[in-house]
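Below, read A as the first sequence line, B as the second, and so on, with proteins coming before strands; counting in each chain starts at 1. The structure displayed is predicted, hence computed values, not measured ones.
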Amino acid sequence: MKPADAIRAELGRIARELGAPEGTDVILERPRDVAHGDWATNVAMILARPLRQKPRDIAERIRAQFRAEDAGVAAIEVAGPGFLNFRLRPEVIASVAGEIIAAGDGYGRNDSGRGEKVNVEFVSANPTGPLHVGHGRQAALGDAIATLLEHTGWDVSREYYYNDAGAQIENLAASVRARLLESKGQAAQIPEGGYHGEYIREIAASYSGEADDVESLRSHAVTELRREQDLDLAAFGVEFDTYYLESSLYDSGKVDKTVEALTRSGKTYEHEGALWLRTTDYGDDKDRVMRKSDGTYTYFVPDVAYHVTKWERGFKRAIDVQGADHHSTATRVRAGLQALAIGIPEGYPEYVLHQLVTVTRGGEEVKISKRAGSYVTVRDLIDEVGRDAVRFFFLMRKGDSPLIFDVDLARSQSEENPVYYIQMAHARMCGIFRVGAEQGISTDVSGADLSLLAEPEEQQLIKALEDYPAEVAASAAALEPQRLASYLLETARLAHLWYHKHHVLGQEPPLMRARLVLARAARVVIANGLSALGITAPERM
RNA sequence: GCGCGCGUAGCUCAGUUGGAUAGAGCGUCUGCCUCCGGAGCAGAAGGUCGUGGGUUCGAGUCCCGCCGCGCGCACCA
């Protein structure tokens, strides 16, 4: 049993004896200030009202009844308005390092998802051009969220939705056709809303069919762009389980079926030749058109049909990662799903929205790339700063904030660059074992006496390592990878600090063995954390 | 105008779902370091958490108003 669990159990026992109401949560917190001990609880303050006693009096009674010895507690103090602060015996703290090594790659995982299916949809770029930086942020976010869910026991399916039907694809085909004709010396113009990037010329050049065969031209263009996007994703190290084509929703009649079902629900009406859905019944600020007066559907109808398939495919939970410029779709899609009244919960799907990305170089905003013309591609970034740095930079800020991607910082191989700082901490821990092996030192740590890990830097580092599973759980539950990123930065800082202050190799064998355990435990946590974020943990830099 | 989001150190941002004296990096200043990798370390200065109310033992965190910024407001996607 971990020290914290022992304390929690003992507090629970006493709380019951004092007559605490059923279901009283005993929460242990890591105090911000180390002067407040290793663990603290506010349970006495929580109990003050139901027990009708002063918080400090309750705290005193808990302290008196606490079996400190059994729980590995060295001292308990009552502080402030009624906090109970616990100080553990150093060897009890140190013992955690051994458990971390034993758990290895599995350290930090839990099964709170109970193996239930969850669908995580992200990127979902239209096949009309290379992926841009916003897609990169989505790819990093979506993939990390998916991995975090896997680490917490969910059966995750990564899904990519291709909007391969509709007006923009026609524009794409028309744009390629214009470049094709142009290359043959004929006058042609890219249509309004068409695509102007260099890649359109490349697609035109690789097309061998007739310019007037629009069907063939369109399919060629989509194929080429899907291939290109696949290469971008491969370079980023993102793999999807499913690619879902919008066109298949039309082909299979699912769109028509959805419209019929919505019409039957009585939530629609005809107005000025169009078919409307009463999305205002579900919190929208105005009703939305489903079928335009020209007979075609607006985009959100296939979106609703698409999400119905997620539900029917057995995903009781679905998460959509999207740019914040799409936030209005959330209300509409949910409204459509509710109107169908087929048992889909109100908050389905969950949305993780992220703000825009600005790329800067030399303090100036970068706006264009060679191939795409009007925007920076994710490939530009990966080529320039590497996959790991791109991923980390996209994950270190919460999605709610706009993100400034500083290319110079991401490239720099110094401690100013957070991803290098963390990877370096990992490499250093590995370096100890590498150098040890070179010097012929046995790095066998069996039977190490961990009570020798008593230096303040060691105790602090171990406590941080002990917090890793809770950080993973919190990060996954909130769908916020940046929490884990912050945690890793702090843990790397503590690892660097320890490394510089205390040597491992060259110490008396018992102390060295204990410190080797700590070095390995730190390595395990940093490696597991980086892996949860989709970032590699090199053994040397 | 309406909806969503965001205002925390000079800059870039964290902030353990409501806890104790609000933190980190960069920058600035003062020192240190022959080392398992100097891609280093110790310390200092720096704050009315946009603003005004409210909720309660306690608010950066929750609620309301106001100010500022971003995004969205099509029978586009």
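Residue A/Ala274 is classed as a base contact, given a heavy-atom separation below 4.0 Å to a base. Looking at heavy-atom distances under 4.0 Å, A/Lys398 makes contact with sugar-phosphate atoms alone, never a base. Across all strands shown, A/Ala79 has heavy atoms under 4.0 Å from base atoms, whether or not it also approaches the sugar-phosphate. Nucleic acid contact for A/Val435: sugar-phosphate only, since backbone atoms but no base atoms lie under 4.0 Å from a heavy atom of the residue. A/Asp303 comes within 4.0 angstrom of nothing in the nucleic acid, heavy atoms only. Nucleic acid contact class of A/Leu497 (heavy atoms, under 4.0 Å, all strands): sugar-phosphate only. Across all strands shown, A/Arg288 has no heavy atoms under 4.0 Å from either base or sugar-phosphate atoms. Residue contacts for A/Ala40: at a heavy-atom cut-off of 4.0 Å it reaches a base atom on one of the strands shown. Within 4.0 Å of A/Glu272, counting heavy atoms only, lies at least one base atom of the nucleic acid. No engagement by A/His354 is indicated, since no non-hydrogen atom pair under 4.0 Å with the nucleic acid exists. Counting any heavy atom pair closer than 4.0 Å across all strands shown, A/Thr298 reaches sugar-phosphate atoms only and no base atom. Nucleic acid contact class of A/Ala470 (heavy atoms, under 4.0 Å, all strands): none.
Comparing B/A9 with B/C76, their P atoms are spaced 44 Å from each other, to the whole Å. When the P atom is compared between B/U34 and B/A39, the two are found 15 Å apart, to the nearest whole Å. B/A24 and B/U16 have their P atoms separated by 16 Å, given to the nearest Å. Across B/C4 and B/G47, the matching P atoms stand 35 Å from one another, rounded to whole Å. Taking the P atom of each, B/G19 and B/G58 are spaced 14 Å apart, rounded to whole Å. Comparing the C1' positions of B/U28 and B/C64 gives an interatomic distance of 41 Å, to the nearest angstrom. To the nearest whole angstrom, the two C1' atoms, one in B/C57 and one in B/G15, are 23 Å apart. B/G72 and B/G60 have their C1' atoms separated by 28 Å, given to the nearest Å.
Proximity note for A/Arg428 (side chain, C-beta onward) versus B/G40, B/A77, B/U16: the nearest is B/G40. Considering only side-chain atoms of A/Gln355, the nucleotide from B/A20, B/A39, B/G70 that sits closest is B/G70. In the set B/G19, B/C75, B/C13, the nucleotide with an atom closest to the side chain of A/Arg397 is B/C13. Proximity note for A/Tyr499 (side chain, C-beta onward) versus B/G37, B/A20, B/G3: the nearest is B/G37. Comparing atom distances between the A/Leu505 side chain and each of B/C75, B/C36, B/G15 picks out B/C36 as nearest. The side chain of A/Arg30 sits closest to B/U16 out of B/A24, B/U16, B/A14. Here the nucleotide nearest the side chain of A/Ile432, chosen from B/C36, B/C41, B/C57, is B/C36. Each of B/C73, B/U16, B/C75 was ranked by its minimum atom distance to the side chain of A/Lys286; first place goes to B/C73.
Of all nucleotides present, only B/C73 satisfies the Watson-Crick or G-U wobble test against B/G1, with each distance under 3.5 Å. Under the Watson-Crick or G-U wobble criterion, with both distances below 3.5 Å, B/C66 is paired with B/G50. Within the shown strands, B/U28 is the pairing partner of B/A44 under the Watson-Crick or G-U definition, both distances less than 3.5 Å. Figure legend. B/G19 is base-paired to B/C57; pairs are counted as Watson-Crick or G-U wobble with both atom distances under 3.5 Å. Partner assigned to B/A9 is none, using Watson-Crick or G-U wobble distances below 3.5 angstrom. Across the strands present, B/C36 finds no partner; the criterion is a Watson-Crick or G-U wobble pair with both atom distances under 3.5 angstrom.
Side-chain contact check for A/Asp400 and A/Gln355: no donor-acceptor pair (N or O, by modelled atom type) lies under 3.5 Å.
At whole-Å resolution of the value, CG in A/Leu488 and C1' in B/A24 are 14 Å apart. Whole-Å rounding puts the A/Leu403 CG to B/C13 P distance at 8 Å. Rounding to whole angstrom units, NE2 of residue A/His502 and P of B/A42 are separated by 11 Å. Rounded to an integer number of Å, the gap from CZ of A/Phe405 to C1' of B/C13 is 16 Å. For the pair A/Leu356 CG and B/C6 P, the interatomic distance rounds to 15 Å; values are reported in whole Å. Rounded to a whole Å, the NE2 atom of A/His271 is 14 Å from the C1' atom of B/A74. Rounded to an integer number of Å, the gap from NE2 of A/His500 to C1' of B/G43 is 17 Å. As rounded to whole Å, 12 Å separates atom P of B/C41 from atom NZ of A/Lys501.
For A/His326 against B/G72, a side-chain-to-base donor-acceptor contact under 3.5 Å is absent. Between the side chain of A/Ser401 and the base of B/C6, no donor-acceptor pair under 3.5 Å is found. For A/Asn42 and B/G19, a side-chain-to-base donor-acceptor distance below 3.5 Å is present, hydrogens and geometry of angles not being considered. Between the side chain of A/Asn85 and the base of B/A20, at least one donor-acceptor pair of N or O atoms lies under 3.5 Å.
The pair A/Glu539-A/Arg434 fails the salt-bridge criterion, with no side-chain N (NZ, NE, NH1 or NH2) lying under 4.0 Å from an Asp/Glu carboxylate O. Under the 4.0 Å criterion applied to side-chain N and carboxylate O atoms, A/Arg411 and A/Asp406 are not assigned as salt-bridge partners. Salt bridge present: A/Arg63 and A/Glu60 bring a charged side-chain N and a carboxylate O closer than 4.0 Å.
Look at A/Lys292 and you won't find any side-chain N or O under 4.0 angstrom from OP1 or OP2 of B/A74. Checking the phosphate oxygens (OP1, OP2) of B/A39, no side-chain nitrogen or oxygen of A/Gln423 falls inside 4.0 Å. When the side-chain nitrogen and oxygen atoms of A/Arg434 are compared with OP1 and OP2 of B/C36, none of them lie within a distance under 4.0 Å.
Between A/Tyr160 and A/Tyr243, the two ring planes are tilted [angle within 30° to 60°].
Stacking between A/His503 and the base of B/C36 is present: ring centres sit under 5.5 Å apart and the planes differ by under 30 degrees. Residue ring and nucleobase are not stacked for A/Phe83 and B/G19 under a centre distance beneath 5.5 angstrom and an angle between planes beneath 30°.
No more than 12 heavy atoms of other residues, nucleotides or ligands lie within 6.0 Å of CD in A/Glu508, so this atom counts as exposed by the packing criterion. Surrounding NZ of A/Lys501 are at most 12 heavy atoms belonging to other residues, nucleotides or ligands under 6.0 Å away. Heavy-atom contacts from other residues, nucleotides or ligands closer than 6.0 Å to CD of A/Glu346 number 12 or fewer.
Aromatic rings of A/Tyr162 and A/Tyr244 (six-membered ring for Trp) have centroids beyond the 6.0 Å cut-off, not under it.
Base orientation at B/U17 is syn, since its O4'-C1' glycosidic dihedral falls within 90° of 0.
Side-chain N or O atoms of A/His307 include none that pairs as donor or acceptor with a backbone N or O of A/Gly336 at under 3.5 Å.
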